[in-house]
Amino acid sequence: MNTSKSETVKEHPLKPSRRSMPCLAQSQTHPQSLSKHSSFLQPNHVQPQLQPQPLSAGTSAAAVDVASERAKVMETLESNLLKLSNTEYGDPFLDVGKDKDTYTDDSEHGNYDARTDQSLLIQNKLTRQKTEPRTKSSLKSDAMASSGLFFKDGKKRIDYILVYKKSSPQVEKRSTFEKNLRAEGLMLEREPAVTNSDIMFVKIHCPWETLCKYAERMNIRMPFRKKCYYTDWRSKTMGSLQRNIRELKSWLPRNPMKLDKEALPDLEETDCYTAPFSHARIHHFTINNKDSFFSNSTRSRIVHHVLQRTKYEDGKSKMGINRLLNNGTYEAAFPPHEGSHKSRHPIKTHGAQNHRHLLYERWARWGMWYKYQPLDLIRRYFGEKIGLYFAWLGWYTGMLIPAALVGLFVFLYGLFTMDSSQVSKEICEANETIMCPMCERNCTLQKLNESCIYAKVTHLFDNGGTVFFAIFMAIWATVFLEFWKRRRAVLTYDWDLIDWEDEEEELRPQFEAKYSQLERVNPITGKPEPFQPFPDKLSRLMVSVSGIFFMISLVLTAVFAVVVYRLVAMEQFASFKWYFIKKYWQFATSGTGVCINFMIIMSLNVVYEKVAYLLTDLEHPRTESEWENSFALKMFLFQFVNLNSSIFYIAFFLGRFAGRPGKYNKLFNRWRLEECHPSGCLIDLCLQMGVIMVLKQMWNNFMELGYPLLQNWWSRRKMKRRGQTMENKISLPQWEKDWNLQPMNLHGLMDEYLEMVLQFGFTTIFVAAFPLAPLLALLNNIIEIRLDAYKFVTQWRRPMPARATDIGIWYGILEGIGVLAVITNAFVIAITSDYIPRFVYAYKYGPCADQGYRQEKCLKGYVNSSLSVFDLSELGMGYSGYCRYRDYRAPPWSSTPYEFTLQFWHVLAARLAFIIVFEHLVFGIKSFIAYLIPDIPKDLCDRMRREKYLVQEMMYEAELEHLQRERKKNGKQYHHEWP
């Protein structure tokens, strides 16, 4: 762990306040970033309780002369520390000779000296060459300036990049926009591209004064004191307990999934109390270096805020960088990466060059697939919103492990009992049972034992463990969501997002421009703001809902077209020339139908995205989160119906309305409706789910990684065609390298979440029919994490670091999927599978009737009982004798031929009873589990309440001490109580 070069001394006011606390005075400040040199600046002989105080506005290490002895000690320590830094590094970090009430600003007047976010990176070989010459530091600064991270002067850091074409006709808009940016306090610098003479880059730097102004306006929380969790007596108790736990863990084998502590920097700003930044109370905050006080992601977020609200023409809607990107004024706008993600030297010996390099080595490489994710570093580089996505994805992947194991156990149970199954034995031995033809013209009579393979495969998914697994997955979904809420609470606390939503939710520029003439007072802030009248909102919402229903009807039309194809192909494959296809015509019909359905699904997804975008813009959502939630809900509804409508058809409608031999129902009085296989419809459902799930995951992985790789390869190939040498390629500045990368998806993380939520639906909704779905999802997610990491780090431009407190509307969608999963699994077990018919036969009609279900022999004769008899002479096709078909109907020689038997009504009643009992039982268990698991851990609740109390105390103490110093400096008399 790096050590701060300056820490807080235990200082007391002249008379201690009634509200002062021991841990407050002894707490150590943690700067926003630590210089990699600063670990040597702490002398070993200095006592911890007499460490110097950091330089900040209104305070200094020598200003706290509460007692003369303490002042002398502090002065001595500071001089020693200054000498140490001068002798070892040739660059004094502490300037005690300056005015005590001012800040040093090296970003505008001095060398930057690389004291940026990179200073948090590990350097394992810091002990080598302690007396390096000063010229090495200056050479490093020059190297960083030439790497494309700074302006031409090598001092001002680039916070944002704008790209435009010189041939663009929007010159007036661009010049007005950039002029207004300068008026807002930003600094701009143009530089032409190396590889394309028509491309011009605009580098943007945000000075200290502008950062402070907008940080206060945006209510950005900044650190001001190290956290103190326990009182003295409790810290001693917990300290001994933690030591004992550490000693116990040292004897246990090391967890291979954990990252080495030496592999990642200690991001210590997470251990500081924070408060909304205020320039008037700047003396409260821990500011060791203005250049690193605001992190790179925070600086980029502030610049993006300015870009979104700067006008380029007169008019209420002529504002924002998004509109300029849409009308072609600018080609792109993005924050720059911190450097290359690769290095010539190994990271173990030379350390990481920057955070991007560190993320690549410790996160994005395929060799790290089994390691935990460095969430704090992801959050620091990409922002809280992307950090929460990877946290949720990692949590979801970890929770899939028990579900995959149980599903694999159910599948293996069916595999080992496949040959001993009574139903499979009867089907495979039924060499004299003739089945009725399953199509009108070209189908021949088949024996039941020809379905032996289908019967065995069906037993893999429809066995005694199916009901248990369905109940387990319903409970699993509840446990997953409840524990994710606890995990999210911990992350939002660690990342200081508890009060962010109420502070920083801002109006969309498009909403402000549209309704700028209509204002009303916000009941919370008391300030006037634009508002959307209710009649206008209702009318737009009705148009949007109508568009949604129209698109859903289009999906159902596409499914109906696939059903018609299956009916037509059924006749054609049954009379096909190839013997293999003619023999397995049902499999050929289902397989080609699934592939055609998948192509229709992927084609319609492109249309849905554009329609959802137009409908969401038509609604004019008030904030960005409302826009994202509305767009995400539309995309989910479209794609969920598109993806699952054919599966619902096969699960609940295929073969239910086909009729009986001699009286089949026909579509348009022409095509006979499709029947289930003699072994049941579950095999068709498994085939549909497996093919769509595997193909969609392969397609998504290709579009996420393969397509950007191809695009980047093509752009590099075009550069070579223009005569660019390898030397020129290496010497490209960072902003041009980022320009050659692919931009992040237009809708941010929506596509990533949508893919995983749809997968969650596959994993839970029809899991009773496909127990291997959790295992396939687990394998895909292990690859998905590293694919997304590689894509974010190497193939995409750096996205704007956005903040978020949760995963948005996706949590509500996941809860809805969990409820729907209980209902669908109940119907799948009761209607699609043969579990209930076997259950009724074993207890009522089998050899063990009225004796209880004990073993497989109780199902003896079940297949014969589930097949009805039909007279072939009634078909008029020249056949004679009898054939069998799946149904519970009376034989032709009975008094009521072909009517439903009593067993049919028993099975129907048992199915309805099972659905009711299953749903109530599982919903009761889910509700009870959700009640038992609190949303926030109890220790976190106590910590948050104590922190709220401590923050009030610290602000009181800091203000009191500041006023006392001000009065003392001005020579005024003061009291020891309130000033």
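Values below: all heavy atoms of this structure, side chains included; hydrogens, waters and symmetry mates excluded. Just so you know, these numbers come straight off a predicted model, no measurement behind them. One is the number of the first residue; the rest follow in order along the sequence.
At least one side-chain heavy atom of Pro774 sits under 4.5 Å from a side-chain heavy atom of Met473. You'll find the side chain of Ile378 reaches within 4.5 Å of the side chain of Phe382, heavy atoms only. Put simply, the side chain of Pro335 does not reach to within 4.5 Å of the side chain of Ile161, judged on heavy atoms. Using a 4.5 Å heavy-atom threshold, the side chains of Gln373 and Met368 count as separate. Under the 4.5 Å side-chain criterion, counting only non-hydrogen atoms from C-beta, Leu741 is in contact with His337. Considering only heavy atoms from C-beta on, Leu211 stays 4.5 Å or farther from Phe293 through its side chain. Within the 4.5 Å cutoff, the side chain of Asn644 has no heavy atoms near those of the Val641 side chain. The side-chain heavy atoms of Asn597 and Gln688, taken from C-beta on, include a pair separated by under 4.5 Å.
Considering every non-hydrogen atom in both Cys206 and Val303, the closest pair reads CB-CG2, 3.8 Å. Shortest non-hydrogen contact noted between Ser297 and Arg798 is N-NH2, 4.4 Å. Annotation for Leu388 and Asp806: closest pair CD1-N, 3.5 Å, computed over non-hydrogen atoms. Between Leu481 and Tyr811, the closest heavy-atom pair is O-OH, 3.5 Å. Closest approach of Ala773 and Phe762 over heavy atoms only: CB-O, 3.9 Å. Residues Leu325 and Ala333 come closest through the heavy atom pair CD2-N, 4.1 Å.
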Requested in this report: Would you check, one step at a time, whether the test ring pair (Phe, Tyr, Trp, His ring centres under 6.0 Å) holds for Tyr372 with Trp363?
Outcome: CA-CA 8 Å; Tyr372 291 138; Trp363 180 49; over 10 Å; no
Query - Chi angles and distances behind the side-chain contact (heavy atoms from CB on, under 4.5 Å) call for Tyr608, Lys634 - result: CA-CA 9 Å; Tyr608 298 155; Lys634 292 179 180 63; over 6 Å; no
**Report entry** side-chain contact (heavy atoms from CB on, under 4.5 Å) evaluation trace for His357 with Lys342
**Finding:** CA-CA 6 Å; His357 180 212; Lys342 290 185 177 180; 5.6 Å; no
Query raised in the report: Could you walk me through whether Arg356 and Glu338 pass the salt bridge (charged side-chain N to carboxylate O under 4.0 Å, His left out) check?
Result: CA-CA 6 Å; Arg356 188 187 183 196; Glu338 293 185 3; over 6 Å; no
Requested in this report: Please lay out, stage by stage, how Ile204 and Leu307 fare under the test side-chain contact (heavy atoms from CB on, under 4.5 Å).
Outcome: CA-CA 10 Å; Ile204 300 178; Leu307 294 175; 4.1 Å; yes
**Report entry** Residue pair Leu324, Leu162: steps toward the side-chain contact (heavy atoms from CB on, under 4.5 Å) verdict
**Finding:** CA-CA 11 Å; Leu324 293 176; Leu162 302 180; over 6 Å; no
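We find the CE-CG distance between Met689 and Leu776 to be 9.5 Å, quoted to the nearest 0.5 Å. Separation of atoms CD1 (Ile158) and NE2 (His205) is listed at 10.5 Å; rounding is to 0.5 Å. Rounding to the nearest 0.5 Å gives a distance of 4.0 Å between CG of Asp159 and CZ of Arg299. Atom CH2 of Trp366 is separated from atom OH of Tyr790 by 9.0 Å, given to the nearest 0.5 angstrom. One distance of note links CD1 of Ile785 with NZ of Lys371; it measures 14.5 Å at 0.5 Å rounding. Remark: Leu643 CG to Phe598 CZ distance equals 9.0 Å, nearest 0.5 Å.
A donor-acceptor pair shorter than 3.5 Å can be found between the side chains of Thr298 and Ser295. Side-chain atoms of Asp738 and Gln734 form a donor-acceptor pair, as typed in the model, at a separation below 3.5 Å. In this model, a donor atom of one side chain and an acceptor atom of the other lie less than 3.5 Å apart for Arg157 and Asn296. Donor-acceptor pairing under 3.5 Å is recorded for the side chains of Gln759 and Tyr396. Side-chain N/O atoms of Thr195 and Glu736 include a donor and acceptor closer than 3.5 Å. A donor-acceptor pair shorter than 3.5 Å cannot be found between the side chains of Trp810 and Asn629.
In this structure, Arg487 contributes its side chain and Trp395 its backbone to no donor-acceptor pair below 3.5 Å. Side chain of Trp476 to main chain of Met399: a donor-acceptor pair is present (N/O by atom type, distance under 3.5 Å, no hydrogens or angles). Remark: side-chain polar atoms of Arg803 are not paired, donor with acceptor, to backbone N or O of Arg301 under 3.5 angstrom. Distance alone, capped at 3.5 Å, places no donor-acceptor pair between the Asn642 side chain and the Phe638 backbone. No donor-acceptor pair closer than 3.5 Å links the side chain of Ser630 to the backbone N or O of Glu626.
A 6.0 Å sphere centred on CE of Met602 holds more than 12 heavy atoms belonging to other residues, nucleotides or ligands. In this structure, Lys385 places its NZ atom where only 12 or fewer heavy-atom neighbours from other residues, nucleotides or ligands lie under 6.0 Å away.
A perpendicular orientation is assigned to the rings of His355 and Tyr381, their planes being inclined by more than 60° (bins at 30° and 60°). Aromatic ring pairs are classed by plane angle as parallel below 30°, tilted from 30° to 60° and perpendicular above 60°; the pair Tyr164 and Tyr330 is perpendicular.
Aromatic pair Phe390/Phe792: centroids less than 6.0 angstrom apart. In this structure, the ring of Tyr753 has its center no less than 6.0 angstrom from the ring center of Phe636. The aromatic ring centroids of Trp484 and Phe480 lie 6.0 Å or more from each other. Aromatic pair Phe334/Tyr160: centroids not less than 6.0 angstrom apart.
Between Arg365 and Glu361, at least one side-chain N (NZ, or NE/NH1/NH2) sits under 4.0 Å from a carboxylate O, which counts as a salt bridge. Using a 4.0 Å cut-off between charged nitrogen and carboxylate oxygen, Asp788 and Lys791 count as a salt-bridge pair. Between Glu189 and Lys203 there is a salt bridge, with a side-chain nitrogen of the basic residue lying less than 4.0 Å from a carboxylate oxygen of the acidic one. Look at Lys165 and Asp198 and you find no salt bridge, because none of the NZ, NE, NH1 or NH2 atoms lies under 4.0 Å from a carboxylate O.
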